[in-house]
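To start, the structure itself, in structure tokens.
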There are 2 protein chains.
Amino acid sequence: MDGLLLATLEDGPQHGYAVKEALRDATGGKLDLPTGTVYPALHRLERAGLIKGSWSVVSGRRRRTYELTEQGRRSLAGARDHWQEFAAVISAALGGGPWPATN
Amino acid sequence: MDGLLLATLEDGPQHGYAVKEALRDATGGKLDLPTGTVYPALHRLERAGLIKGSWSVVSGRRRRTYELTEQGRRSLAGARDHWQEFAAVISAALGGGPWPATN
DNA sequence: CTCCAATACGTAGTGACCCTACATGTAGGA
DNA sequence: TCCTACATGTAGGGTCACTACGTATTGGAG
């Protein structure tokens with residue numbers, strides 16, 4: 001989860017709702033997180049110091065815009081490594097080989 | 001989790017402790033689940049009807065040997081599909097290109 | 001003008017579940 | 001005798017994603 005949100009913020013600051021939509025679009029609608037998942041997760045990441053938020057108002061709507069911190073960038077790199085490792089391990093244990101890839 | 005345990009039982013009946021070791025060996029020790037994870041998970045799978053257990057005694061030690069049910073086999077196939085899909089979605093969302101592979 | 005959807009943020013409560021820690025007992029080697 | 005490996009189990013805690021609900025504005029459809 002955390003890695004996914006961080007990855008979305010990698011290409012520039014975004015507000016929560018935009019993060020949710022970006023994630024949905026990036027996965028062809030297959031990963032459509034509810035707001036009750038996204039917002040608490042962003043708060044968690046901010047408390048952890050991985051992202052930094054700031055309030056603004058755009059066309060009458062208040063927005064909390066987040067951007068990656070240096071620590072967040074490092075955490076994202078770690079999350080990518082960790083995911084690769086994790087996926088390889090699970091794929092191995094689940095059988096069928098690491099990456100069948102249209103055999 | 002469930003899929004991993006089911007996969008371990010695919011090649012024949014095993015008892016809980018053996019499942020734990022098989023999983024550890026299959027992943028080069030990278031996935032060494034504690035007994036407090038394995039046993040409750042097996043109980044869960046049995047309650048769900050995906051595996052079927054039976055007691056026996058081997059060299060003075062009592063064993064609960066599990067084997068896949070038909071439903072369990074179907075569930076395992078589904079879990080493999082689901083994992084492939086899931087891994088693809090996460091990999092896509094996590095970005096960094098399809099497969100950076102030692103950039 | 002009214003109503004509803006989309007935008008945008010948030011919290012509370014629930015349920016699932018993995019893990020730590022502990023308990024029990026046998027077999028076998030140091 | 002003691003410790004390790006084998007073998008199973010429960011209890012409690014902490015994390016976390018999700019459902020459901022609440023608040024507020026903008027803008028388009030009817």
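So that the names make sense, note that chain A is the first sequence line, chain B the second, and so on, each numbered from 1. Small disclaimer: the values here were computed from a predicted structure and weren't measured.
Contacts of B/Arg74 classified as side-chain hydrogen bond (donor to acceptor under 3.5 Å, both in side chains), with partners at least two apart in sequence or in another chain: none. Remark: A/Ala77 engages no residue in a side-chain contact (heavy atoms from CB on, under 4.5 Å) (not counting sequence neighbours). Taking the side-chain contact (heavy atoms from CB on, under 4.5 Å) definition, one finds that B/Thr35 meets it with B/Lys20, B/Tyr39, sequence neighbours left out. Partners of A/Glu85 by salt bridge (charged side-chain N to carboxylate O under 4.0 Å, His left out), not counting sequence neighbours: none found. Under the rule for a side-chain contact (heavy atoms from CB on, under 4.5 Å), A/Ala79 has no partner lying at least two apart in sequence or in another chain. Remark: B/Ala48 engages B/Leu50 in a side-chain contact (heavy atoms from CB on, under 4.5 Å) (not counting sequence neighbours).
Residue pairs meeting the salt bridge (charged side-chain N to carboxylate O under 4.0 Å, His left out) criterion with at least one partner in residues 45-60 of chain B, sequence neighbours excluded, are B/Glu46-B/Arg64, B/Lys52-B/Glu67.
A donor-acceptor contact shorter than 3.5 Å links the side chain of B/Ser91 to the backbone of B/Ala87.
Distance from the side chain of B/Met1 is smallest for C/dC18 among the nucleotides C/dC18, C/dC9, D/dA17.
The nearest pair of heavy atoms linking A/Leu42 to A/Gly16 is CD1-CA, 3.6 Å.
When rounded to the nearest whole Å, the span between CZ of A/Arg63 and C1' of D/dA24 equals 15 Å. Per the geometry, CG belonging to A/Leu5 stands 12 Å off P belonging to D/dC16, to the nearest Å. As a whole-Å value, the separation of B/Leu4 CG from C/dC17 C1' is 14 Å. Taking atom CG of B/Asp2 as the reference point, atom C1' of C/dC18 lies 12 Å away to the nearest angstrom.
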Revision key, fill the gap. With sugar-phosphate taken as primed atoms, P, OP1 and OP2 and all else as base, the protein-contact string of nucleotides 23-30 of chain C at under 4.0 Å (heavy atoms; B, S, -) is ---BS---

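In this structure, A/His82 and A/Phe86 have parallel ring planes: the angle between them is below the 30° cut-off, well short of the 60° mark.
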In residues 22-30 of chain B, what donor-acceptor pairs under 3.5 Å come from side-chain atoms, sequence neighbours left out?
from: B/Thr27; atom 1: OG1; to: B/Leu23; atom 2: O; distance (Å): 3.0
from: B/Thr27; atom 1: OG1; to: B/Arg24; atom 2: O; distance (Å): 3.2
from: B/Thr27; atom 1: OG1; to: B/Leu31; atom 2: N; distance (Å): 3.0

What does the list of N/O pairs under 3.5 Å between the protein and nucleotides 12-16 of chain C look like, with a distance for each?
none

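Taking a 4.0 Å limit (strictly below) on heavy-atom distances, residues 41-56 of chain A reaches DNA chain D at A/Arg44. DNA chain D lies under 4.0 Å from at least one heavy atom of each of the following residues of residues 6-25 of chain B: B/His15, B/Gly16, B/Tyr17, B/Glu21.
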Exercise for review: Check step by step if side chain to side chain contact (heavy atoms under 4.5 Å, CB included) holds for B/Ser75 and B/Leu6.
Suggested key: CA-CA 8 Å; B/Ser75 180; B/Leu6 294 176; 3.9 Å; yes

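Here A/Tyr39 does not reach the OP1 or OP2 of C/dG10: none of its side-chain N or O atoms lies under 4.0 Å away.
You'll find the side chain of A/Tyr66 stays beyond 4.5 Å of the side chain of A/Val19, heavy atoms only.
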